[in-house]
Protein chains: 2
Amino acid sequence: MAPPHPADDVTEHVGYRLKRAAAALRGAMDKALREHGLTVPQYACLELLDERPGLSNAELARGTFVTRQSMNVVLRGLQDADLISRPATTDHGRALPAHLTERGRERLHVARSAVYAIERTMVEALPRRRLAALLTDLDRMAEALGG
Amino acid sequence: MAPPHPADDVTEHVGYRLKRAAAALRGAMDKALREHGLTVPQYACLELLDERPGLSNAELARGTFVTRQSMNVVLRGLQDADLISRPATTDHGRALPAHLTERGRERLHVARSAVYAIERTMVEALPRRRLAALLTDLDRMAEALGG
DNA sequence: TTCCCCATGTCAAAATCCTGACATGGATGA
DNA sequence: TCATCCATGTCAGGATTTTGACATGGGGAA
């Protein structure tokens, strides 16, 4: 019964593997999305807005794991490109609900196919039975760390 | 036989879960290492150098999934803090081998305990049998993406 | 009502990282 | 030998992200 840590090699640790996989995914998405004129945070933002229209800046930030300030500049970029729309003011509260424009929806749909191809490559690389377990394991780790 | 993608919900995708887990880990390490005066890339660099002394800038960059240029500034910071040493010139070749100083080794050892505690939290959050499979799955995905 | 607390949006400054580029040293093949 | 190619270290510039801070709006408790 070997203890989970410390392993004899740093590259054997879970954190290292996690970072490696995340870096590989990020790199692949970066490259694919560049051809569509989008960055990874921008794409994540569009995808989230397509699924849940009306999300605010802070909510989008939490959903994409960045700070409010970072998401703010992302939204500005998307707004300048006419991919999303956001009211200047609101009747109730302070949160400004964002929505996809028609251009945004179209752009998302074409970029999505490229991203889904990447994800399919990832998923097909592992045994089909293992996928569900992998997802729950990732969730468990994230929750354990307060993610 | 449902296709692996597209799922009905973006947050169900592997990429999203992967990013979430990686972000949670990054945040926890960030917070823990700050108390030791280290950033995550700096810690990763020290850990790699402790295991394989003499690694060059480019090798360290590949090992930590950043660019040569980024690793260069990390090394400068570590050098200014007297945590690593690097010769100004070399007899053979162009790569400059880096080594931990005594201070660097000490700093690494105390920071390591904090990081290992985080990783232990992560590992203990999932069934013990699942760990090995998780590691190989992460590797498979990374390799499939050319990581 | 009024006060306090929290969340939100935003600004400014700094830190971090990446892209593009260039010069150097070694190795490979003609 | 020499020329070409690859990897490395480094510089400059810009883009992205974060930290810190501040003002505003809403909700809850006294």
Side-chain angles (χ1 to χ4, degrees), chain A residues 19 22-35 37-45 48-49 54-81 84-99, chain B residues 19 22-35 37-45 48-49 54-81 84-99:
Chain A
K19 187 171 183 177
L25 173 60
R26 171 69 184 238
M29 287 183 64
D30 240 354
K31 180 180 174 185
L33 286 174
R34 185 167 311 172
E35 302 172 2
L38 289 176
T39 67
V40 172
Q42 283 177 338
Y43 168 78
C45 184
L48 227 51
L49 276 181
L55 251 45
S56 71
N57 177 29
E59 290 169 320
L60 287 167
R62 281 192 294 268
T64 56
F65 316 110
V66 296
T67 61
R68 291 198 306 269
Q69 295 87 333
S70 297
M71 181 51 67
N72 203 347
V73 321
V74 171
L75 285 183
R76 279 170 183 267
L78 290 174
Q79 224 164 349
D80 292 347
I84 70 164
S85 67
R86 217 166 30 144
T89 62
T90 177
D91 300 355
H92 183 72
R94 194 131 195 267
L96 303 175
H99 290 269
Chain B
K19 187 170 184 179
L25 173 60
R26 172 68 184 240
M29 286 183 65
D30 240 355
K31 180 180 174 184
L33 287 174
R34 184 167 312 174
E35 302 172 3
L38 288 176
T39 67
V40 172
Q42 283 176 338
Y43 168 78
C45 183
L48 227 51
L49 276 179
L55 251 44
S56 71
N57 177 30
E59 291 170 320
L60 287 167
R62 280 192 293 268
T64 56
F65 315 109
V66 296
T67 61
R68 293 198 306 273
Q69 295 86 333
S70 296
M71 181 51 66
N72 204 346
V73 322
V74 171
L75 285 183
R76 280 170 183 267
L78 290 175
Q79 224 164 347
D80 292 346
I84 70 164
S85 68
R86 216 166 33 144
T89 63
T90 176
D91 300 357
H92 183 72
R94 192 128 198 270
L96 304 175
H99 290 270

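Chain A is the first sequence line, chain B the second, and so forth, proteins listed ahead of strands; every chain is numbered from 1.
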Looking only at heavy atoms, which two atoms of [X] and [Y] are closest? And how far apart?
| X | Y | answer |
| --- | --- | --- |
| A/Q42 | A/G37 | OE1-O, 4.1 Å |
| B/C45 | B/L60 | SG-CD1, 3.8 Å |
| B/L96 | B/T89 | CD2-C, 4.1 Å |

Can you see if the side chain of [X] gets near the phosphate of [N] - specifically, an N or O under 4.0 Å from OP1 or OP2?
| X | N | value |
| --- | --- | --- |
| A/S70 | D/dT18 | yes |
| B/H92 | C/dT24 | no |
| B/R26 | D/dT17 | no |
| A/T67 | D/dT17 | no |

- Most 5' of A/V66 and A/G93 on DNA chain D, judged by nearest nucleotide: A/V66
- Note on the structure: Given protein heavy atoms under 4.0 Å, the one-letter contact record of nucleotides 2-9 of chain C, with B base, S sugar-phosphate only and - none, is simply ------BB
- Polar side-chain contact B/Q69-C/dG20 base: donor and acceptor under 3.5 Å: yes
- Item | Angle of first-five versus last-five pair axes in the helix from C/dT1-D/dA30 to C/dA30-D/dT1, to 10 degrees | 30°
- Item | Distance (rounded to the nearest 0.5 Å) between B/L55 CG and B/I84 CD1 | 11.0 Å
- Task: Sorted by first residue and then second, give each side chain to side chain donor-acceptor pair (under 3.5 Å) pair with at least one member in residues 58-67 of chain B; sequence neighbours left out.
- Result: B/S56-B/E59, B/T67-B/S70
